[in-house]
Amino acid sequence: MMIQNPSMADAASTDVAPTEVVAEFAGATKRFGAVLAADRINLRIRRGEFLSFLGPSGCGKTTALRMLAGFEAPTEGAVLIDGKDVSAVPAHKRPVNMVFQHYALFPHMTVAQNVGYGLRQRRPRLPGAEIAQKVDAALAKVRLADFGARRIWELSGGQQQRVALARAIINEPQILLLDEPMAALDAKLRGEMQRELLELQRSLNVTFVLVTHDQEEALSMSDRICIMGKGRIAQVGSPQELYDRPRNRYVADFVGRANIVAAKIIARQGGIAQAVLGNGATIGVNDLPGDTRGKAEIAIRPEALTLARGKDAVPEDTVALPARVTHRTFLGDRTEYLLMAEGIGPLQVNSPRQAASAIGEHDVGAHVRVLWRAGTGLVLAADI
Amino acid sequence: MAMTQTRGRALLLTPAALWYAALLLLPLAVVLIFSFGERTPIGGYAPGFTLAQYANLPARMAAFRNTLTLAPVGTLAALLIAYPLAYFLAVRVSVRWKTLLLVLVIVPFWTSILIRSYAWIFLLGGKGLPALLASIGFEDIRLLNSPFAVLVGIVYGYLPLMVFPIYVALEKLDLRLLEAAADLGAPPWRSFVQITLPLSMPGVLTGSMLVFILLMGEFLIPAILGGGKVFFVGNALVDLFLQSRNWPFGSAVAVALVVIMLITVAIYTRVVKRYAAGRDDVAMM
Ligand SMILES: Nc1ncnc2c1ncn2[C@@H]1O[C@H](COP(=O)(O)OP(=O)(O)OP(=O)(O)O)[C@@H](O)[C@H]1O
Ligand SMILES: [Mg+2]
């Protein structure tokens, strides 16, 4: 379902009040020779939130994270932590810690020595007893209480990951950075780690910034997601916002599935645009604030559409688009239909199980009507 | 089946075993026997059993002293020069230049050490470095035929043998570990001491041992750059076997050198073992 309440569409829900900001990208740009890895990134990170960078491979997620950690200096713009420009502050002086993608545990140290490494760097020095006690507490927190004396190579992948986590959180960073920490784990372990990570974040009350290209991971864990593409931010928002109100085709495609159809806009009023579809039907969709284009792409989620047979009555405020079923995939709880709609093109419709059992399945080749209710579509911006 | 396997393995090892026996154990045994013998009036060897040759060892004290100071000092100097070079090649240089620079390190090896040492005679001789020093006010500095000249020669000659093992160890170093150390609050020099150095220790130990053992047996460089004043045990051996033809005494000197080397290798192995077991402590500093 796209947005239900159009007046919400322009709510600047992505804005963070200055007092809540723990870190900020201010027009941060990073070039590697000719490659533009980060392109004028503007983003405020809220204290205590779980923020994810989500995007396909090579879109600049790691680069953004590394600018925050201090491993890359922005070519232009600045990175701020606690309101201060840290562009010139080296990594070892920043109040952030990172869990590296392949953990980067020190192979010549035990688990306990790895975990205590950050504390041993403190000057003036901390007493050894205090370090030992904090190491034990950190190991207990990641459920590795008895593993302190182990060598790194004696641990499984999941255990190594938890050591990396303990080594980072023991320093009580302002922000914990995680670069695809679950990428190397199998699906079952990944689910487990995701839950543990969330619990950890709540108990520590530390800001987490996670990099992932796993859409489900980002949706299930994050307070907010920053969707990136080609070095730029495509959209920032809560998982629900991104799903219900994708700003552009890139986000609509990346988060969940979306039907995207071309339309002419003939009138706009009160946040509703009247869109004329390819077959001539006119339907009211949620408008893009400030948009004045006469032509636009409209997004509609597959589960917002329903199927009806030719003879069924059409409800109010709904258009019926004649279409032919080209594929049907039964998935238990739902059936996914691929259809060819006259004058519009391919459409996907997801029918929940109840609907299917009530009206029966539609066979491939059957002529049906796709029902599109007013207010469930959404005008998309041109591009990122 | 197992029988054939064992026999096959024995067969495969035979050449190596024969080689080892013929070229190492046999000469060693001969030398050991000679060292207890006596010298005939015209030189050479007469059978006998006497410890006189060993009692005479202090006569070659200077050679032992030179070897036992210049070999460790040369090894240390080579290490101090080789480590930064290997670090630079392995960590700092971009992949494009790496091969070229590595080749440049090996190229000197393609000419004979004899020729390269003669080049040093010129460089350290009157018209070389001393002339240069004189022109900026340091008159009358003699470099050739001194321990310093020998040190320069051996460090120069054996540098590549030190660079390569260290290079290989540093090449394997995962640079993300250094980022992790920095992320955890370690300034660059501390992450070098705590991460880079311990992880490159195998290369350091291998290179040092290699160079040290070869230096203990060195005779060419002291002969050329020491001008007969700075001689190693190797030079004493050349003299005793080829010039004075005092084979029993030469054998005793050789046995003494072998014993010293065995002791050194034993200590080395212990250090390495302790290092491997206590690697954690290395990083604790
Ligand atoms: N050190 C570097 N030198 C040159 N180019 C780089 C460097 N680091 C990153 N890039 C380039 O910058 C772009 C963004 O890289 P980045 O690692 O941030 O992507 P990513 O979103 O993390 O991708 P992935 O999901 O594959 O990890 C890529 O095109 C990459 O090739
Ligand atoms: Mg990445």
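Numbered from 1 within each chain, the chains take letters A, B, ... in sequence-line order.
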First locate atom [atom1] of [X], then atom [atom2] of [Y], and finally report the distance between them rounded to the nearest 0.5 Å.
X         : Y         : atom1 : atom2 : value
Arg120(A) : Gln194(B) : CZ    : CD    : 7.0 Å
Arg176(B) : His102(A) : CZ    : NE2   : 5.5 Å
Leu184(B) : Arg122(A) : CG    : CZ    : 10.5 Å

Is chain B contacted by the side chain of [X], its backbone, both, or neither, given a heavy-atom distance below 4.5 Å?
X         : value
Arg167(A) : both
Asn97(A)  : both
Leu105(A) : backbone

If you count the non-hydrogen atoms of other residues, nucleotides and ligands that lie under 6.0 Å from [atom1] in [X], is the total more than 12?
X         : atom1 : result
Tyr20(B)  : OH    : no
Lys30(A)  : NZ    : yes
Phe106(A) : CZ    : yes

**Item:** Within-4.5 Å side-chain heavy-atom neighbours: Glu179(B) and Met98(A)
**Value:** no
**Message:** Do Pro187(B) and Lys93(A) make a side-chain contact, defined as non-hydrogen atoms from C-beta onward lying under 4.5 Å apart?
**Reply:** no
Can you name the nearest heavy-atom pair linking [X] to [Y], along with the distance?
X         : Y         : value
Pro198(B) : His108(A) : CB-CD2, 3.6 Å
Tyr117(A) : Ala181(B) : OH-CB, 3.7 Å
Ala104(A) : Ala180(B) : O-CB, 3.8 Å

**Prompt:** Relative to chain A, which segment of Asp183(B) carries a heavy atom at a distance below 4.5 Å: side chain, backbone, both, or neither?
**Reply:** both
**Complete:** Of Tyr103(A), Phe100(A), Phe71(A), the largest count of non-hydrogen pairs under 4.5 angstrom with chain B goes to Phe71(A)
